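See structure below.
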Number of protein chains: 2
Amino acid sequence: MENNEPNLDAVFHALADPTRRAVLQALVKGEATVSDLAAPHDMGLPAFMKHLSVLEAAGLVKSDKVGRVRTCALDPATMIATERWFEEQRAFWQGRYAQLDDLVAALQGEKK
Amino acid sequence: MENNEPNLDAVFHALADPTRRAVLQALVKGEATVSDLAAPHDMGLPAFMKHLSVLEAAGLVKSDKVGRVRTCALDPATMIATERWFEEQRAFWQGRYAQLDDLVAALQGEKK
DNA sequence: CGGATACTTCACCACATGGAGAACAATGAA
DNA sequence: TTCATTGTTCTCCATGTGGTGAAGTATCCG
């Protein structure tokens, strides 16, 4: 395993913006070019490029430029690794907060 | 179930700071006063209060003041609800990224 | 070549954030 | 009452963030 420890500062900062979360969800459907990703968002390309840079710096997205087109794709490893942070936190809580098991169960049920 | 949908902007912004994550981890060990929480951090109380406010606005921490002492505690529901966002994202990826199952398995194994 | 396409960089601006210090409650103890 | 403790509020400042528009670069098309 490579050292895939996520930079939590960078990852959470990247996720703390609806535009950037929307980009991640758009990329779930497959790779996309910068212009395609930018189209739904009401801002200029320079501003959008900054969002992409934040995502890429956080390791959530990777991109490759061929010719004049940059194609972006998800880099799921960082997301998975970040999800583990939540699991670790929860491990500490569980058993300490009596009503937490019920709460988890309720949310899991709602999920179905 | 109450409407416990977390404000992802606020939650992720709150988590995108090492001081604030440290406060959450300190609170895992139990309730604590503002001064106790602030002690390990090299900054004045006013600055620290802002961090607490961010955590409380995000719904990650709740606090109660009795006398002149404010006691803070975790509010785990928001964390649990946010963890679900990751689960939802992963649900979309799974099956789409061929190598993802292996990746998840490797990380889960490392966790043990 | 000439022009359209797809970024990319640049200079700039408004506002939010994270910190400082000083002054101000409000409570508890002597 | 006097004083220390525990926040809290205030004003200020440096920096970061998210946006703009204009100009630049590199590629593809005809």
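Everything quoted here is computed from the prediction, not taken from an experiment. Below, each value reflects all heavy atoms present in this structure, side chains not excepted, and no hydrogens, waters or symmetry copies.
- Per the geometry, CG belonging to B:L52 stands 13 Å off P belonging to C:dG18, to the nearest Å.
- Between the side chain of A:R21 and the backbone N or O of A:L15, at least one donor-acceptor pair lies under 3.5 Å.
- Taking atom CG of residue A:L55 and atom P of nucleotide D:dG18, one finds them 11 Å apart after rounding to whole Å.
- Remark: side-chain polar atoms of B:R20 are not paired, donor with acceptor, to backbone N or O of B:H51 under 3.5 angstrom.
- The CZ-P distance, from B:F48 to C:dG21, rounds to 17 Å in whole Å.
- In this structure, A:E56 places its CD atom 13 Å from P of C:dC7, rounding to the nearest Å.
- Of the candidate nucleotides C:dG18, D:dG18, D:dG21, D:dG21 has the atom lying nearest to any side-chain atom of A:P46.
- For the pair A:L24 and A:V61, the minimum side-chain heavy-atom distance is below 4.5 Å.
- Checked against the 6.0 Å centroid criterion, the rings of B:W85 and B:F12 qualify as a close aromatic pair.
- Remark: C1' of D:dG18 and CG of A:D42 are 13 Å apart, rounded to the nearest angstrom.
- Taking 4.0 angstrom as the limit, B:H51 places a side-chain polar atom (N or O) nearer than this to OP1 or OP2 of C:dG19.
- The backbone N or O of A:G59 lies less than 3.5 Å from a partner atom in the side chain of A:T78, making a donor-acceptor pair.
- The pair A:E56-A:K62 does not meet the salt-bridge criterion, since no charged nitrogen lies less than 4.0 angstrom from a carboxylate oxygen.
- When rounded to the nearest whole Å, the span between NE2 of B:H13 and P of C:dA16 equals 12 Å.
- Counting heavy atoms from C-beta on, the side chains of A:M49 and A:V34 come closer than 4.5 Å.
- Residue-to-nucleotide proximity on DNA chain D shows that, of A:D17 and A:V66, the 5′-proximal contact is made by A:D17.
- Protein atom NZ of B:K50 is 13 Å distant from nucleotide atom P of C:dG21, rounded to whole Å.
- Rounded to whole Å, atom P of D:dT20 lies 7 Å from atom CE of A:M43.
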Shorter than 3.5 Å, N or O on both sides, protein versus nucleotides 5-7 of chain D: list them out with atom names.
| unit_1 | atom_1 | unit_2 | atom_2 | d |
| --- | --- | --- | --- | --- |
| D:dT5 | O2 | B:R68 | NH1 | 2.3 |
| D:dT6 | O3' | B:R68 | O | 3.2 |
| D:dG7 | OP1 | B:R70 | N | 2.9 |
| D:dG7 | OP2 | B:S35 | N | 3.0 |
| D:dG7 | OP2 | B:S35 | OG | 2.4 |
| D:dG7 | O3' | B:K65 | NZ | 3.4 |

